[in-house]
Amino acid sequence: MWWIARRDPRSVVRVAALRAVASTNGDAAIERFLISEYDYARELAGQRAARDADFARRVLETHTAEFAPEVHAAAQRAVEGTDADRAWFADTGYAEAEERDRLAREKSGEQEEALVEADRAYVRHLASNDPGGQVRAAAQWAARPAADDGDLVEFFAYDWASAARLDLEAHRLRMADNDVAWRATVNRLITEAQAAEQAASDAAGEAAEQARAAAARAWRTAADNTGEPRTAWAEAGEIAREQAANWHAVAEAAREATGPNWAAAVDFSTENEQQWTTERDTIAEQARFWNELLEQALAGERRMLQ
């Protein structure tokens with residue numbers, strides 16, 4: 001739950017999860033969130049106003065005032081403005097500001113003139129080897145046969161950062177959606193197993209033996225249902241480790257390179273390394289939770305088989 005409250009890219013979902021975690025109703029509030037409130041918050045997040053607000057915030061965070069001043073300023077106005085301001089930004093404001101930034105870069109010529117063949121080779125490498133699907137797609141577009149130096153400049157200025165954020169958000173969305181479904185199921189199964197164990201405790205004679213067998217099966221079912229999430233969180237941990245290492249390498253390359261294009265990558269690559277490192281540590285907490293749940297279920301099964 002804390003993972004969703006802190007990490008979900010959708011602000012509406014984060015708020016709903018935080019309310020459940022902080023509620024004085026304890027487990028009942030969390031159970032309600034898992035069963036119904038998460039889906040409702042996800043639906044709200046998909047509505048126009050929420051989508052536009054999340055888009056404006058993402059653009060503001062990935063388009064810096066130094067390398068995309070017009071877009072940054074327009075995104076800042078949208079974030080601080082009304083729903084209508086954010087709708088305009090999503091529909092036309094972003095594209096118009098992006099065009100103004102492009103024209104300013106072309107007029108200056110500094111960033112295109114700074115490109116060297118090693119920069120082009122690096123983007124081609126990303127297009128084939130970056131662990132993030134969105135970054136690969138952005139690099140493939142910048143390195144396509146019909147691309148020009150302006151496409152490469154845009155990749156360094158903000159497309160790289162934007163694609164990296166989308167990779168992180170996609171990872172978080174996928175795990176959040178799955179984990180809510182897994183927890184709702186396993187919570188129900190544990191409740192059923194606990195009830196079956198209590199029934200076995202209350203029974204006597206042959207009925208008690210049958211009830212204990214039924215309770216053992218219920219605990220086994222709960223244990224089996226931890227398999228998919230334990231595997232998924234282990235795989236998510238590997239992804240986070242790979243991404244953290246990848247962004248560490250990018251940050252090193254950005255610090256060692258020269259010129260205005262690589263300067264744009266220094267801050268966001270360092271931030272992405274930190275984000276994925278934190279993600280790795282948080283995922284480890286989720287993995288421990290599911291392993292502990294497995295042990296709880298197996299202990300219940302053992303009690304009923306004794």
Side-chain angles (χ1 to χ4, degrees), residues 1-10 12-23 26-43 45-46 131-133 166-197 214-245 275-305:
M1 282 293 299
W2 272 114
W3 188 85
I4 294 174
R6 292 179 299 188
R7 303 293 179 206
D8 198 287
R10 300 159 296 193
V12 174
V13 175
R14 289 198 305 274
V15 170
L18 187 58
R19 285 175 178 167
V21 170
S23 173
D27 291 344
I30 292 175
E31 188 72 14
R32 185 170 60 250
F33 175 82
L34 294 174
I35 293 173
S36 62
E37 290 180 356
Y38 176 77
D39 287 339
Y40 180 65
R42 186 171 61 173
E43 181 180 343
L166 289 174
D167 279 326
L168 179 59
E169 290 188 359
H171 169 83
R172 288 174 172 171
L173 286 172
R174 183 175 60 255
M175 295 310 299
D177 287 350
N178 288 337
D179 200 60
V180 166
W182 292 328
R183 289 194 185 220
T185 297
V186 82
N187 284 351
R188 174 179 56 80
L189 292 173
I190 287 179
T191 298
E192 292 173 357
Q194 290 170 336
E197 184 170 350
R217 290 193 298 272
W219 280 117
R220 168 51 61 177
T221 299
D224 290 344
N225 273 266
T226 68
E228 183 179 0
R230 285 187 294 111
T231 298
W233 281 113
E235 291 173 350
E238 288 300 319
I239 291 172
R241 278 187 283 274
E242 181 182 15
Q243 283 280 21
Q275 290 270 16
W276 281 105
T277 299
T278 302
E279 194 75 5
R280 179 199 63 197
D281 296 339
T282 306
I283 286 171
E285 296 174 10
Q286 300 300 312
R288 282 193 293 272
F289 167 83
W290 284 101
N291 285 327
E292 289 170 0
L293 209 58
L294 171 65
E295 290 303 316
Q296 177 188 351
L298 292 177
E301 182 187 31
R302 287 193 296 270
R303 284 194 305 273
M304 295 301 94
L305 293 176

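Numbering of residues begins at 1 and proceeds along the displayed sequence.
- Between R172 and E169 there is no salt bridge, since no side-chain nitrogen of the basic residue lies less than 4.0 Å from a carboxylate oxygen of the acidic one.
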Could you go step by step and tell me if M175 and W233 meet the side-chain contact (heavy atoms from CB on, under 4.5 Å) rule?
-> CA-CA 8 Å; M175 295 310 299; W233 281 113; 3.6 Å; yes

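- Note on R188 versus E192: salt bridge recorded, some NZ/NE/NH1/NH2 to OD/OE distance being below 4.0 Å.
- The closest side-chain heavy-atom distance from Q275 to T278 is not below 4.5 Å.
- In this structure, OG1 on T191 lies 8.5 Å from CG on L189, to the nearest 0.5 angstrom.
- Contact of the I190 side chain with the W219 side chain is registered, since non-hydrogen atoms from C-beta on lie closer than 4.5 Å.
- The main-chain N or O of W182 is never found under 3.5 Å from a side-chain atom of N225 such that the two would form a donor-acceptor pair.
- Counting heavy atoms from C-beta on, the side chains of I283 and H171 come closer than 4.5 Å.
- For the pair D179 and W290, the minimum side-chain heavy-atom distance is below 4.5 Å.
- Nearest heavy atom pair, residue T277 against residue A244, reads OG1-CB, 3.7 Å.
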Step by step, would you call R280 with I239 a side-chain contact (heavy atoms from CB on, under 4.5 Å)?
-> CA-CA 8 Å; R280 179 199 63 197; I239 291 172; over 6 Å; no

Begin with the C-alpha distance, continue with both residues' side-chain angles, and end with the deciding distance and a verdict on side-chain contact (heavy atoms from CB on, under 4.5 Å) for E301 and L298.
-> CA-CA 5 Å; E301 182 187 31; L298 292 177; 3.9 Å; yes

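- Here R302 contributes atom CZ and R220 contributes atom CZ; the two are 9.5 Å apart, rounded to the nearest 0.5 Å.
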